[in-house]
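Because the structure is predicted, anything quoted here is derived from the model rather than measured. Reckoned from all heavy atoms, side chains included, excluding hydrogens, waters and symmetry mates.
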Amino acid sequence: MALTQAFVLHHRPYRETSLLLDVFTEQSGRISLIARGIRQQKKRQSNPFQLYQPLWLSWFGRGDLVTLSQVETTEPAFLLRGASSLCGLYINELLVRLLSIHHPEPVVFALYRQTLAKLAEAHDIEINLRYFELNLLNSLGYGIDLYHDINGDEIDAERRYRYQPEQGFIPVTLQDRGEKLLGSSLLQFHHADGIDAQAQAEIKQLMRTVLNYYLEGKPLKSRALFAEMQRYAKPAS
């Protein structure tokens, strides 16, 4: 087959000399791929299969597991440092968990590449993550209407809402239990304009709730890693 653009989302050793790769390709979506003998080769030359490295590759075989036939690199990897690197691991894990095998997702592929570029700039990391999550869900058919409530009425900046998965935002009172979001936070997120600290915190919790639902409550390793690093980064009291 012809070469197609791709990124490695995850890799691990396979037998004595090979690698087993989760790869996101522009034309074929996510694939599982064996790179045979690559662990011997990388002793003599650089390993192209680092994370965030744009690749061109081809493979052969049928079924859920195929074999690498050719790989090329024509541009440098996106350089993610510190918090950006952890965010890169997070979005990679989301793609592994949410994308189906051999299902083309060209819009998500473009979104992923754009997000890597933004993370490499290390500017507005939290906001860029939230929009990656939102646009990923929209592209996969799990869209969130940030402008209307469950009754079809426009979100009121002065009201509070509770999110119900697969239904939408339910207007609530201050006395109602459960997590509540200000309408103004939803509208700021919708318009991508002047997202304040409270809106960022509420939107982060909203996206976590939505993603947990579609991940069926299964924890993400990257979240645990980030929480652990934050714990060790805190000064001793």
Side-chain angles (χ1 to χ4, degrees), residues 1-105 108-109 111-113 115-117 119-120 129 132 136 140 211 214-233:
M1 66 171 293
L3 292 168
T4 184
Q5 294 187 70
F7 288 91
V8 172
L9 299 176
H10 183 260
H11 55 71
R12 59 186 182 276
Y14 181 75
R15 296 182 176 173
E16 293 185 358
T17 62
S18 303
L19 285 175
L20 187 60
L21 310 170
D22 268 308
V23 178
F24 187 24
T25 73
E26 182 178 35
Q27 295 181 3
S28 300
R30 185 170 72 87
I31 63 172
S32 293
L33 182 150
I34 299 174
R36 297 192 184 278
I38 193 66
R39 291 163 63 199
Q40 283 184 326
Q41 295 176 22
K42 74 177 184 179
K43 295 177 181 177
R44 301 188 298 270
Q45 60 191 41
S46 60
N47 174 18
F49 298 113
Q50 61 180 304
L51 301 182
Y52 323 126
Q53 169 67 63
L55 299 172
W56 290 86
L57 53 78
S58 62
W59 60 89
F60 61 90
R62 296 181 179 180
D64 289 345
L65 185 61
V66 296
T67 301
L68 175 75
S69 58
Q70 187 178 354
V71 60
E72 296 179 4
T73 58
T74 60
E75 57 184 302
F78 291 97
L79 189 58
L80 275 55
R81 295 188 175 96
S84 291
S85 180
L86 291 174
C87 292
L89 294 178
Y90 169 70
I91 65 175
N92 280 8
E93 189 175 6
L94 276 183
L95 293 178
V96 170
R97 295 280 295 275
L98 293 175
L99 295 182
S100 300
I101 290 285
H102 296 299
H103 191 283
E105 295 286 357
V108 177
F109 188 88
L111 171 66
Y112 177 71
R113 187 183 180 98
T115 303
L116 289 183
L119 290 176
L129 267 191
F132 174 83
L136 172 62
L140 297 180
L211 286 166
Y214 290 111
L215 292 169
E216 299 178 340
K218 298 176 182 177
L220 294 169
K221 294 180 181 178
S222 51
R223 279 183 184 165
L225 176 62
F226 191 71
E228 186 72 5
M229 293 191 68
Q230 284 187 316
R231 185 169 71 86
Y232 280 106

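- A heavy-atom distance below 4.5 Å is found between the side chains of Leu55 and Thr73.
- With a 4.5 Å cut-off on side-chain heavy atoms, Tyr90 and Leu86 do not count as touching.
- At a threshold of 4.5 Å between non-hydrogen side-chain atoms, the residues Leu215 and Leu98 count as touching.
- Residues Ile91 and Leu119 meet the side-chain proximity criterion, which asks for heavy atoms closer than 4.5 Å.
- Using a 4.5 Å heavy-atom cutoff, the side chains of Arg113 and Phe78 are in contact.
- Annotation for Phe60 and Leu68: closest pair CE2-O, 3.9 Å, computed over non-hydrogen atoms.
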* Apply side chain to side chain contact (heavy atoms under 4.5 Å, CB included) to the pair Ser58 and Thr4, showing each step before the final yes or no. => CA-CA 7 Å; Ser58 62; Thr4 184; over 6 Å; no
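- Residues Trp59 and Leu65 have side chains not in contact (no heavy-atom distance under 4.5 Å, counting atoms from C-beta outward).
- Donor-acceptor pairing under 3.5 Å is lacking for the side chains of Tyr52 and Asn92.
- Side-chain contact check for Leu51 versus Leu89: some heavy-atom pair is nearer than 4.5 Å.
- Rounding to the nearest 0.5 Å gives a distance of 14.0 Å between OH of Tyr112 and CD of Glu26.
- Separating the CG atom in Leu140 from the CD atom in Glu105 is a distance of 5.5 Å, to the nearest 0.5 Å.
- To the nearest 0.5 Å, the span separating CD on Gln53 from CD on Glu75 amounts to 7.5 Å.
- No more than 12 heavy atoms of other residues, nucleotides or ligands shown are found within 6.0 angstrom of CZ on Arg81.
- With rounding to the nearest 0.5 Å, the separation of OG in Ser69 from CG in Leu3 is 7.5 Å.
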* List the steps and the verdict of side chain to side chain contact (heavy atoms under 4.5 Å, CB included) for Leu33 and Phe49. => CA-CA 12 Å; Leu33 182 150; Phe49 298 113; 5.5 Å; no
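- Between Phe7 and Phe109, the ring planes lie tilted relative to each other; the angle falls in the 30° to 60° range.
- Enclosure of atom NE2 in His103 is not indicated, since only 12 or fewer non-hydrogen atoms of other residues, nucleotides or ligands lie within 6.0 angstrom.
- A donor-acceptor pair is defined here as one N or O able to donate and one able to accept, closer than 3.5 Å; such a pair exists between the side chain of Arg97 and the backbone of Lys218.
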* Would Cys87 and Leu80 satisfy side chain to side chain contact (heavy atoms under 4.5 Å, CB included), going step by step from the backbone distance to the final call? -> CA-CA 9 Å; Cys87 292; Leu80 275 55; over 6 Å; no
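- Considering only heavy atoms from C-beta on, Phe132 comes within 4.5 Å of Leu95 through its side chain.
- In this structure, CD1 on Ile34 lies 10.5 Å from CG on Leu19, to the nearest 0.5 angstrom.
- Partner of Ile31 under the side chain to side chain contact (heavy atoms under 4.5 Å, CB included) criterion, out of Asp64, Thr25, Leu21: Thr25 alone.
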